[in-house]
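What follows is one structure encoded as structure tokens, with my remarks underneath.
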Amino acid sequence: MLSFDIRALEAHAEAVDGELSPADAVWAAGDPVPQTPLRVTGRLSSAGPDRFYFSGRIAGTAQGECRRCLTDVTTPVVLDSHLVFSAAAGEDEDDESDAYAFDPSARELDLREAVREEWLLNVPAFPVCREDCAGLCPRCGADRNLSADAGGCGCAPERDARWDALTQSAP
């Protein structure tokens with residue numbers, strides 16, 4: 001559950017322990033949707049009139065392709081989040097607050113949009129399968145992580161002739 005009664009929040013803090021499903025309507029087309037439901041845990045409390053503060057953790061797994069060799073990569077994403085929700089957010093043009101706005105006449109405070117934004121800001125845009133991934137050969141397209149016997153590439157490494165002067169011995 002990621003929606004909370006605002007009147008109850010004004011009286012006392014609430015424990016947050018819920019999930020945001022990959023099938024939820026909050027996700028937009030083109031979003032890197034999590035592979036499994038996002039687990040949201042923490043505490044939501046009042047931070048003054050028409051203001052609320054969330055402190056907690058968002059955890060999930062992202063699915064993508066390695067940017068070097070194009071193999072499937074599953075990346076765990078765990079982030080500690082501190083979010084402010086305000087009924088007055090965005091009213092003043094000079095307001096540079098990072099607070100998430102909510103309707104002051106609303107009866108519930110929904111965390112889903114803020115959780116979605118935090119996920120989008122923290123999911124890796126260019127994952128790699130491992131730090132020493134050699135990628136694909138630019139000549140033949142073979143996976144350089146495999147040995148030549150296992151279908152890897154046997155192409156000679158490319159050499160830029162402009163660097164030859166540095167490899168020649170001095171007279």
Compare every heavy atom of [Y] with every heavy atom of [X], then report the nearest pair and how far apart it is.
| X | Y | value |
| --- | --- | --- |
| Ile6 | Ala106 | CD1-O, 3.4 Å |
| Arg144 | Cys137 | NE-CA, 3.6 Å |
| Asp31 | Ala28 | OD2-N, 2.8 Å |
| Asp143 | Gly135 | OD1-O, 3.6 Å |
| Pro22 | Trp27 | O-CD1, 3.5 Å |
| Cys129 | Cys66 | N-SG, 3.3 Å |

For this session: Check the pair Arg57, Val78 against side chain to side chain contact (heavy atoms under 4.5 Å, CB included), reporting the backbone distance first and the verdict last.
Result: CA-CA 7 Å; Arg57 178 169 281 199; Val78 178; 3.7 Å; yes

Problem set entry | Centroid-centroid distance, Phe52 to Phe4, less than 6.0 Å |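 Not close enough - the centres of the two rings lie 6.0 Å or further apart.
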
Problem set entry | Centroid-centroid distance, Phe85 to Tyr100, less than 6.0 Å |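 Ring-ring flag for Phe85/Tyr100: true, centres closer than 6.0 Å.
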
For this session: Begin with the C-alpha distance, continue with both residues' side-chain angles, and end with the deciding distance and a verdict on salt bridge (charged side-chain N to carboxylate O under 4.0 Å, His left out) for Glu10 and Arg7.
Result: CA-CA 5 Å; Glu10 290 171 345; Arg7 288 176 288 161; over 6 Å; no

Name each donor-acceptor pair under 3.5 Å that joins a side chain in residues 36-44 to protein atoms two or more places apart or in another chain, with its distance.
unit_1 : atom_1 : unit_2 : atom_2 : d
Thr36  : OG1    : Thr61  : OG1    : 3.1
Arg39  : NH2    : Asp17  : OD1    : 2.4
Arg39  : NH2    : Asp17  : OD2    : 3.3

Problem set entry | Audit row: Asp72, Gln63, side chain to side chain contact (heavy atoms under 4.5 Å, CB included) steps and yes/no | CA-CA 7 Å; Asp72 288 334; Gln63 180 72 32; 3.6 Å; yes

How about [X] and [Y]: do any of their side-chain heavy atoms sit closer than 4.5 Å?
| X | Y | value |
| --- | --- | --- |
| Pro32 | Leu120 | yes |
| Thr71 | Glu65 | no |
| Gln35 | Thr74 | yes |

Once rounded to the nearest 0.5 Å, what's the spacing between atom [atom1] of [X] and atom [atom2] of [Y]?
| X | Y | atom1 | atom2 | answer |
| --- | --- | --- | --- | --- |
| Asp50 | Ser86 | CG | OG | 7.0 Å |
| Glu19 | Ile58 | CD | CD1 | 13.0 Å |
| Asn145 | Arg130 | CG | CZ | 4.0 Å |

Exercise. What residues form a ring-ring contact (aromatic ring centres under 6.0 Å, His included) with Phe54, not counting sequence neighbours?
Worked result: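 Not a single residue meets the ring-ring contact (aromatic ring centres under 6.0 Å, His included) criterion with Phe54.
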
Exercise. Is Trp119 linked to Val73 within one hydrophobic cluster, defined over Ile, Leu, Val, Met, Phe, Trp and Tyr using a side-chain heavy-atom separation of less than 4.5 Å?
Worked result: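 No; Val73 is not reachable from Trp119 via cluster members.
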
Problem set entry | ILVMFWY cluster, Val77 and Val33 together (side-chain gap under 4.5 Å) |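 Same hydrophobic cluster.
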
For this session: Could you identify which residues cluster with Leu70, counting Ile, Leu, Val, Met, Phe, Trp and Tyr as linked when any side-chain heavy atoms lie under 4.5 Å apart, either directly or through a chain of such contacts?
Result: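 Besides Leu70, the hydrophobic cluster comprises Leu136, listed by chain and residue number.
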
Exercise. Taking Glu118 as the fixed residue, which of Val123, Leu83, Leu111 is the one that meets the side chain to side chain contact (heavy atoms under 4.5 Å, CB included) rule?
Worked result: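 Filter result, single survivor: Leu83.
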
For this session: Take Val84 and Arg51, measure what side chain to side chain contact (heavy atoms under 4.5 Å, CB included) needs, and give me the verdict at the end.
Result: CA-CA 7 Å; Val84 175; Arg51 292 178 67 88; 3.3 Å; yes

Problem set entry | Carboxylate-amine/guanidinium contact Arg112 Asp24, below 4.0 Å |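 Answer for the salt bridge query: yes.
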
